[in-house]
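Below is one structure, written out as structure tokens; comments come after it.
Chain letters run A, B, ... following the sequence lines, proteins first, then strands; residues in each count from 1.
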Amino acid sequence: MIAAAAVVLVVSMAMVLVRALRGPTLYDRILAANHMGSSAVLLIAVYGFFDGRPEFLDIALAYALINFIATIAVLKYFAYGDLGAAGVREERNDA
Amino acid sequence: MPDILADLLLGIGILFTLAGSLGMLRFPDFYTRLHAAGVTETLGMIAIVTGLMLKTESSGTLVRLVFIGVFMLVTVPIASHALAKAARHGGVRPALREEE
Amino acid sequence: MARKIAFAGILGTLWILLSGHYSPLFVGLGVVSVALVTLMVHRMNRADGTRYELRVRWLAFGRYVLWLFVQIVRANVEVARLAFRPRLELSPRMVRVRALPRTELGRVIYGNSITLTPGTVTVHLDDEEVEVHALTRESAAALESGAMGRRVAELER
């Protein structure tokens, strides 16, 4: 079952990669990248068990941290054009 | 017995991972795809991680799996919300079907 | 001061849980790391100054997490079925729901719970309302029933 999980995770990452390439919007691509990151965390964990080396979990944990920070950082960069920007844009509430 | 349960959980995880990725491909617009991504990242993730938990005897491995699970449960909605909000501010219009 | 010691204690526990080695070298490295991080956080707090407190009823919070888990499973099954169906039967919509929780923390828990349940994503959250993108009419209706908001409001103190 662990081998099956690893295969399915790779297949599903390939499917998400198609979405990342197709877009159409920038946010679709960021979503796909974030989703591939989450799948990669699971894949690393599952592969560690498949290989009998659960130490891989440390890498999965680090990857989970980086994945989150990277998504937020990319979004911030595209919103402000500057990673060091402080403050909040004024809210536009169009109903 | 725990082994059967672990395989069952991994199977459930596989099913929901596939559902999420399939939704990412099939759903019509960005916001609907966001929901599909959530399927893999919530139940798919929980099932796979708990399945792996049942397969290990080492406490260090267990602790790491718990950390991965809890951390993803905390960050996934934040990332989804940030994406949704950024997309709306970026002018991506949701395809709506409001009529009953 | 008591806060800093507690914080350093949490970090130290984290180090021990993740390291699993008890040789003087590793424990020493842990002590140095914990001290460094505590110092950094101290300086960052002086620059920022905002203090966040987790004031919830913890027992009720535990019950809420269990309830939320059941909701997550249900919503997942629903969205997964939609994804596997040969015909797409989506009825995406934007809904505005009054945010029942009054405190900032309560509203954050509420917004995150909505997003964590597939089929609903919080797009905007302010003092009065949450604006939610729902995948189907059913997921929107479940949210508008206000069950989740009431439960989160009960956690506040």
Answer with side chain, backbone, both or neither: which region of [X] has an atom nearer than 4.5 Å to a non-hydrogen atom of chain A?
| X | answer |
| --- | --- |
| B/Ile48 | side chain |
| B/Met72 | side chain |
| B/Phe27 | backbone |
| B/Phe71 | side chain |

Check whether [X] gets within reach of chain B through its side chain, its backbone, both or neither, counting any heavy atom under 4.5 Å.
| X | result |
| --- | --- |
| A/Ala32 | both |
| A/Leu31 | both |
| A/Leu26 | neither |
| A/Leu75 | side chain |
| A/Val7 | neither |
| A/Asp58 | both |

*Give the intermediate values and the outcome of side-chain contact (heavy atoms from CB on, under 4.5 Å) for residues A/Phe68 and B/Val74.*
CA-CA 10 Å; A/Phe68 173 62; B/Val74 173; over 6 Å; no

*asked:* Heavy-atom pairs under 4.5 Å with chain B - which of A/Val16, A/Ile30, A/Leu42, A/Val41 has more of them than the others?
replied: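 Option with the top pair count is A/Leu42.
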
*A/Asn34, A/Val11, A/Asn67, A/Leu9: which one forms the most heavy-atom pairs within less than 4.5 Å of chain B?*
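The candidate making the most pairs under 4.5 Å is A/Asn34.
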
Point-to-point distance, once rounded to the nearest 0.5 Å, from [atom1] of [X] to [atom2] of [Y]:
| X | Y | atom1 | atom2 | result |
| --- | --- | --- | --- | --- |
| B/Lys85 | A/Tyr27 | NZ | OH | 13.0 Å |
| B/Ser21 | A/Leu17 | OG | CG | 11.5 Å |
| B/Thr40 | A/Met15 | OG1 | CE | 9.0 Å |

*Ignoring hydrogens and geometry, is there a side-chain-to-backbone donor-acceptor pair from A/Arg19 to B/Met24 under 3.5 Å?*
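A pair under 3.5 Å: yes.
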
Among [options], which residue has the highest count of heavy-atom pairs closer than 4.5 Å to chain A?
| options | result |
| --- | --- |
| B/Ile78, B/Asp7, B/Thr17 | B/Asp7 |
| B/Val76, B/Val49, B/Leu65 | B/Leu65 |
| B/Leu25, B/Leu34, B/Thr61 | B/Leu25 |
| B/Ser80, B/Ala79, B/Gly60 | B/Ala79 |

_Can you confirm whether more than 12 heavy atoms, excluding those of A/Tyr63, are under 6.0 Å from its OH atom?_
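Count not over threshold, so no.
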
_side-chain contact (heavy atoms from CB on, under 4.5 Å) between A/Leu57 and B/Phe67, worked out_ = CA-CA 10 Å; A/Leu57 284 175; B/Phe67 277 160; over 6 Å; no

*Test B/Asp29 against A/Asp28 for side-chain contact (heavy atoms from CB on, under 4.5 Å), laying out the working first.*
CA-CA 9 Å; B/Asp29 80 324; A/Asp28 281 296; over 6 Å; no

